[in-house]
There are 4 protein chains.
Amino acid sequence: MFANQGFYESTIAQIAREAGVADGTIYLYFKNKDDILVQFFEFKTKQVFDRFQKIVKKGDNAVEKLTQLIRRHLKEFEKDQNMAVVYQAETRRNSPLVKDQIRQMSKMYLDIVAEIVEQGQVEGCFRKDLYLGLVKRYILGAVEEVISTWIRSGGKYDLVAMADPLVDLLIRGIGIYELSANNFLGDVQTKKQGE
Amino acid sequence: MFANQGFYESTIAQIAREAGVADGTIYLYFKNKDDILVQFFEFKTKQVFDRFQKIVKKGDNAVEKLTQLIRRHLKEFEKDQNMAVVYQAETRRNSPLVKDQIRQMSKMYLDIVAEIVEQGQVEGCFRKDLYLGLVKRYILGAVEEVISTWIRSGGKYDLVAMADPLVDLLIRGIGIYELSANNFLGDVQTKKQGE
Amino acid sequence: MFANQGFYESTIAQIAREAGVADGTIYLYFKNKDDILVQFFEFKTKQVFDRFQKIVKKGDNAVEKLTQLIRRHLKEFEKDQNMAVVYQAETRRNSPLVKDQIRQMSKMYLDIVAEIVEQGQVEGCFRKDLYLGLVKRYILGAVEEVISTWIRSGGKYDLVAMADPLVDLLIRGIGIYELSANNFLGDVQTKKQGE
Amino acid sequence: MFANQGFYESTIAQIAREAGVADGTIYLYFKNKDDILVQFFEFKTKQVFDRFQKIVKKGDNAVEKLTQLIRRHLKEFEKDQNMAVVYQAETRRNSPLVKDQIRQMSKMYLDIVAEIVEQGQVEGCFRKDLYLGLVKRYILGAVEEVISTWIRSGGKYDLVAMADPLVDLLIRGIGIYELSANNFLGDVQTKKQGE
DNA sequence: GATGAATGAGTTTTCATTCAT
DNA sequence: CATGAATGAAAACTCATTCAT
């Protein structure tokens, strides 16, 4: 229901009817209406992030880790489209309720990515001249937009199938290529950082 | 005001006070409350997209066009942070009111990007094996996430400065590196610094 | 609990928790919430009034009886401050529930007082020109106000100590004084009753 | 309406209907439901106490002042029985809303009384061995109980007629009877009847 | 007898919208 | 054109009461 009409557009009466209980019953399990959203996020967050962290640990190298993370990310959202819709919708607005939770979740995710990128730099498969703060958003942003598009389309196509082409795009962007030595952009980059 | 507390959290009374008119006066210019948002999007959208299209036309080659587009994109949002906040916030929720507008805007933007990418492929500076539908999101997603992060930070840093590093990430991901010797970006970069 | 937050401000859930039983259990002993107050008044009333009547019987003359009654009155309320608070609070509102009880209690008390006064008149220690209906209220009102003040003060001082000075005030007001023969007021009083 | 069923037992819907306006209109003039009571007390209090102070100033001596005060007190409550009911009802419960107001009003009244009593002691018509704190309550309590009884009776009889007998009771209690030959009250009484 | 989860009627409050001035 | 007082529908939330266990 939240997926269809949004959380704030849903009334307690509707939520209760949907749940097959009386209005008052809602308040036995949730402090107030907002608490429904907070608890939803808390539950889903823990569940999903545990899986993210697990899958990353299993990967041998940075490339494999990133691939597995994004595959899992897309898989989780594809599996539960309603959660995906609510997540995407509420994630963007500045509701003070879930703001902290979102910040925290976002940080966790970005930290995982940053770790992978740094490992990749050590392993020699990612460029050393990366602005880490930017690269993290670049990766997360691309993944989330892919999910957003899938949602807007009504979840009609295979979302996980997007994982590999996307990783390819991301990786070739941050991978080291043999000819990059005479790439002007590298210089520009260097200059910028010295600004 | 919408930026601070969101559109649905703002009351007609507040809006009217802010505008220095009486409550009823609002209804002489807007059909209803929702219409305020609709008209806001219509106005801002036209304004901004005209500029996007203009700037893209001026670019000589695909790389330059993409760079200018993203720079302009970030510049517009940096210039009017309140607009940026409202845009980002309302863009994500599935309010049926502005849904069509957003879809349309999003389509316009993605079409511009797609055109640039296709031109780049013809010019031989972008890979031919790109999944166009995905590349469009990949680019838009990365840009919007960069804006989101800037907003969440309170708009404290120079957003436009993110443009070139971001383009670098995007381009190297979709650029053909065997041809990077005659990289066009160098020129663009140089021109820009002379602005 | 009723003393602290009032009866209508207390919920069944609170009452049950305080009593160490489940909500439903309350309804095994009380018909409904109001019945709790009704039974409380019934219980306390009987208890206290029995004592009032007993103490009055023991007194030899009217003055002694009145003194003992007021002392006992203050003592009972001082002993159980919570009861005092609930009594004073609920006594004044016109809740139809306890209205009859209160009327009855009030009548009982006023009857005791009236009896004492009449006895005093026979004994020759109280004026004969008293408007009995008024004198009863005059006595009860003064006593209750003294209790009210004590409650408002938080029950910090010795309430019973107020008894003797108060009786002194009351008695000298209704006592016969040797010079009262040439008191103009007596005449006025008589006139008034004839109006 | 408040007089009949009490303030907390009245709903906004009822209040609005009684006032001949819509529910929402109430909130244009009152912050919330409680504010209705607060404003009522504020208004009535000022109005009535101004009159109390005025009337006291006009009195020549303590006895006359006390008589006039109590007459006016009873007259005001008799004039507006509904106000009297609400006042008596809400005055006693410990509603935190009007608690301060009541305390303040009560203090004002007691201060007026105390001043009169002190003046009477100076003038030599009141006993010098009075416990002032107690005397104040003794007087206020008796007056309020007389009002309470009148209210409980349904306001069927002449309340102001109780003033003089009551003052007689109070005065003879605190008057010095050796001096009662040149009793001041006689004059007051006479004047009043000539009004 | 005791329990306490579930109920849903009833209440306060908000706020977009209207319309007489 | 502009106003802003009045409206009343709609929503969140409370809590006395019930009843299956």
Side-chain angles (χ1 to χ4, degrees), chain A residues 1 5-17 19-37 97, chain B residues 1 5-38 97, chain C residues 1 5-38 95 97, chain D residues 5-17 19-37 97:
Chain A
M1 200 177 78
Q5 50 184 268
F7 176 73
Y8 279 98
E9 285 70 34
S10 306
T11 68
I12 288 286
Q14 280 181 301
I15 296 168
R17 185 153 18 92
V21 298
D23 294 18
T25 309
I26 300 288
Y27 291 87
L28 296 177
Y29 299 94
F30 300 94
K31 218 169 56 212
N32 51 35
K33 195 187 162 191
D34 292 336
D35 193 41
I36 298 174
L37 197 64
L97 310 161
Chain B
M1 200 178 77
Q5 48 185 271
F7 176 72
Y8 278 100
E9 286 69 36
S10 305
T11 68
I12 287 285
Q14 280 181 300
I15 296 168
R17 185 154 17 92
E18 196 77 10
V21 298
D23 293 18
T25 310
I26 299 285
Y27 288 86
L28 298 175
Y29 298 94
F30 300 95
K31 213 170 63 210
N32 52 35
K33 194 189 165 189
D34 292 335
D35 192 41
I36 299 173
L37 197 64
V38 172
L97 310 161
Chain C
M1 199 177 77
Q5 49 186 267
F7 177 71
Y8 278 99
E9 285 69 36
S10 305
T11 68
I12 288 285
Q14 281 181 300
I15 296 168
R17 187 156 13 94
E18 197 76 11
V21 298
D23 294 17
T25 309
I26 299 287
Y27 289 85
L28 297 175
Y29 298 94
F30 300 94
K31 214 170 62 211
N32 51 35
K33 195 190 163 188
D34 293 334
D35 191 41
I36 297 174
L37 197 64
V38 172
S95 141
L97 310 161
Chain D
Q5 50 185 270
F7 176 73
Y8 279 100
E9 286 70 34
S10 306
T11 67
I12 289 286
Q14 281 181 301
I15 297 168
R17 186 154 17 92
V21 298
D23 293 17
T25 308
I26 299 288
Y27 289 86
L28 296 176
Y29 300 94
F30 301 94
K31 217 171 58 214
N32 50 37
K33 196 188 161 188
D34 292 336
D35 191 41
I36 298 173
L37 197 63
L97 310 161

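Where A:Val21 and B:Ile12 each meet DNA chain E at their nearest nucleotide, the meeting point lying more 5' is that of A:Val21. Of the two residues near DNA chain E, D:Thr11 and B:Ser10, the one whose nearest nucleotide lies more 5' is D:Thr11.
Here the shortest heavy-atom pairing between B:Ala16 and B:Asp23 reads CB-OD1, 3.6 Å.
Between atom OG1 of residue C:Thr11 and atom NZ of residue C:Lys33 there is a gap of 7.0 Å, rounded to the nearest 0.5 Å. One distance of note links CD1 of C:Ile36 with CD1 of C:Ile15; it measures 4.0 Å at 0.5 Å rounding. Here OG1 of C:Thr25 is found 11.0 Å from CD1 of C:Ile12. Values are rounded to the nearest 0.5 Å.
Proximity of C:Phe7 to C:Asp34: side-chain heavy atoms (C-beta onward) are separated by under 4.5 Å at one or more points.
Of all the residues in residues 25-35 of chain B, B:Thr25, B:Leu28, B:Tyr29 reach under 4.0 Å from DNA chain F with at least one non-hydrogen atom.
At whole-Å resolution of the value, CD in D:Gln14 and C1' in E:dT12 are 13 Å apart. Summarising the geometry, the separation between CZ on A:Arg17 and C1' on F:dA11 is reported as 14 Å, rounded to the nearest angstrom. Taking atom CG of C:Asp23 as the reference point, atom P of F:dA16 lies 9 Å away to the nearest angstrom. A:Ile36 has its CD1 atom 14 Å from the P atom of F:dA11, to the nearest Å. Rounded to whole angstrom, the span from the CD1 atom of A:Ile15 across to the P atom of F:dC13 amounts to 10 Å.
Taking a pair to require two hydrogen-bonding distances under 3.5 Å in either a Watson-Crick or a G-U wobble arrangement, E:dT21 pairs with F:dA2. Nucleotide F:dA16 forms a Watson-Crick or G-U wobble pair with E:dT7, both donor-acceptor distances falling under 3.5 Å.
Results of the side chain to side chain contact (heavy atoms under 4.5 Å, CB included) test with C:Ile26 over C:Val21, C:Asp35, C:Asn32 single out C:Val21 as the only residue that passes.
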